[in-house]
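Atoms within a ligand are numbered from 1 in the order they appear, just like the ligands themselves.
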Amino acid sequence: MILLACATQLECQNAANLPAASPTDTLKPVRIRGRDFLPCPVGIGPVAAAFSVGALLERHPEVTGVLNLGICGSFDMARAPLGSTCVADAEIWPEYGVRHSSPAEEEVFGHRMFADLPLDPPNRLDLDPIAQAAAMGMTLHPAWAIGPSLTVAGVSGDPQRAQSLRDLHGGLTENMEGFSLALAARRLGIAFLEIRTVSNPVGARDKRLWNFKLALNALQNILPVLTGDSA
Ligand SMILES: O=C(O)c1cccc(C(=O)CC[C@H]2O[C@@H](n3cnc4c(=O)[nH]cnc43)[C@H](O)[C@@H]2O)c1
């Protein structure tokens with residue numbers, strides 16, 4: 001069983017191509033090309049996602065992988081324009097560490113999150129999406145952009161913050177749940193894959209530059225490609 005982890009019910013419905021349901025309805029497992037997926041809204045932000053995935057993985061020991069689908073912001077609108085699909089090859093949690101008012105002085109915290117989990121730097125999980133997809137019996141689309149994704153508790157609210165995060169971490173996308181889900185999978189030694197569609201440029205608050213509907217609709221195309229059901 002693959003845990004299909006999305007922040008919201010709406011993202012789960014689009015990702016699993018399910019009919020619209022009320023936000024409190026429990027989603028049922030779906031079977032696609034012989035693979036079982038359990039769609040679960042894990043909540044918005046790293047704390048809700050960490051709590052939810054911990055509880056879900058304890059309740060469902062049959063889960064062999066976590067597939068995180070959802071919308072995201074783009075740091076590079078040329079490589080990752082609105083509605084495009086991006087695969088994370090690293091998850092970085094930039095807020096873990098020491099914060100300075102000047103981004104140039106930003107430094108990484110020296111302490112590991114878990115004593116027995118050596119990460120270098122300690123806020124970065126390197127992912128291998130091609131291998132992880134294969135471990136879950138799936139294949140990536142060759143045209144999907146691949147790059148690091150930054151998980152934040154607070155969405156970047158202006159172009160300066162976006163620029164400093166881009167300069168410091170070299171991210172392709174920004175999201176609010178991925179690091180928590182990737183960390184849970186790493187701790188349990190199960191597969192993890194994060195694929196998101198771009199809803200907005202990171203740091204832009206002018207809603208004329210956003211297209212959440214396009215990104216939500218684009219989520220519908222991911223699972224058919226991953227499972228070979230799109231032909
Ligand atoms: O109020 C804002 O400025 C704002 C900007 C972007 C997104 C939001 C949201 O409320 C959606 C957060 C939700 O969607 C993912 N997401 C989408 N875009 C971004 C982003 O630019 N930075 C971080 N997360 C983003 C995220 O995973 C959440 O689940 C509000």
Side-chain angles (χ1 to χ4, degrees), residues 3-16 23 27 39-53 56 66-96 99 103 123-125 127 144-145 147-185 192-220 222:
L3 183 68
L4 175 57
C6 305
T8 61
Q9 179 101 326
L10 195 56
E11 287 166 297
C12 277
Q13 279 161 17
N14 280 283
L27 299 174
C40 291
V42 294
I44 296 179
V47 177
F51 173 80
S52 298
V53 75
L56 283 160
V66 177
L67 174 62
N68 176 208
L69 303 185
I71 60 170
C72 66
S74 170
F75 284 107
D76 183 342
M77 294 300 281
R79 277 191 67 212
L82 289 177
S84 66
T85 303
C86 301
V87 181
D89 66 0
E91 253 301 344
I92 300 161
W93 182 20
E95 291 153 348
Y96 183 78
R99 290 287 296 277
N123 62 354
R124 178 185 176 108
L125 284 162
L127 310 169
W144 289 342
S149 197
L150 311 191
T151 292
V152 292
V155 169
S156 293
D158 57 52
Q160 292 73 27
R161 175 70 180 156
Q163 182 73 45
S164 78
L165 282 180
R166 191 187 303 117
D167 294 347
L168 283 165
H169 303 287
L172 177 63
T173 57
E174 183 181 86
N175 80 93
M176 298 179 73
E177 301 81 22
F179 189 92
S180 310
L181 301 169
L183 183 66
F192 175 78
L193 185 59
E194 175 177 356
I195 307 181
R196 290 178 178 262
T197 54
V198 174
S199 54
N200 58 283
V202 177
R205 303 219 72 229
D206 179 349
K207 293 199 169 111
R208 288 170 300 183
L209 301 174
W210 299 4
N211 198 333
F212 280 57
K213 195 167 188 306
L214 180 71
L216 285 166
N217 284 338
L219 286 175
Q220 296 170 11
I222 297 175

As an exercise, state the distance from OG1 of T8 to CG of L216, rounded to the nearest 0.5 Å. 7.0 Å

CG on N175 to OG1 on T151, rounded to 0.5 Å: 3.5 Å

Non-hydrogen side-chain atoms of V202 and R166 separated by less than 4.5 Å: no

What's the spacing between R196 CZ and N68 CG if we round to 0.5 Å? 4.5 Å

Can you list the residues that meet the ring pair (Phe, Tyr, Trp, His ring centres under 6.0 Å) rule with F212, with sequence neighbours excluded? W210

Looking at every non-hydrogen atom in both residues, tell me the closest pair between C40 and L3 and how far apart they are. SG-CD1, 3.5 Å

N/O contact list for ligand 1, threshold under 3.5 Å:
| unit_1 | atom_1 | unit_2 | atom_2 | d |
| --- | --- | --- | --- | --- |
| ligand 1 | 1 (O) | R205 | NH2 | 2.5 |
| ligand 1 | 3 (O) | R205 | NE | 2.6 |
| ligand 1 | 3 (O) | R205 | NH2 | 3.0 |
| ligand 1 | 18 (N) | G73 | N | 3.3 |
| ligand 1 | 18 (N) | N200 | OD1 | 2.7 |
| ligand 1 | 21 (O) | N200 | ND2 | 2.8 |
| ligand 1 | 22 (N) | E174 | OE1 | 2.7 |
| ligand 1 | 27 (O) | M176 | N | 3.0 |
| ligand 1 | 27 (O) | E177 | OE1 | 2.7 |
| ligand 1 | 27 (O) | E177 | OE2 | 3.4 |
| ligand 1 | 27 (O) | R196 | NH1 | 3.3 |
| ligand 1 | 29 (O) | E177 | OE1 | 3.4 |
| ligand 1 | 29 (O) | E177 | OE2 | 2.6 |

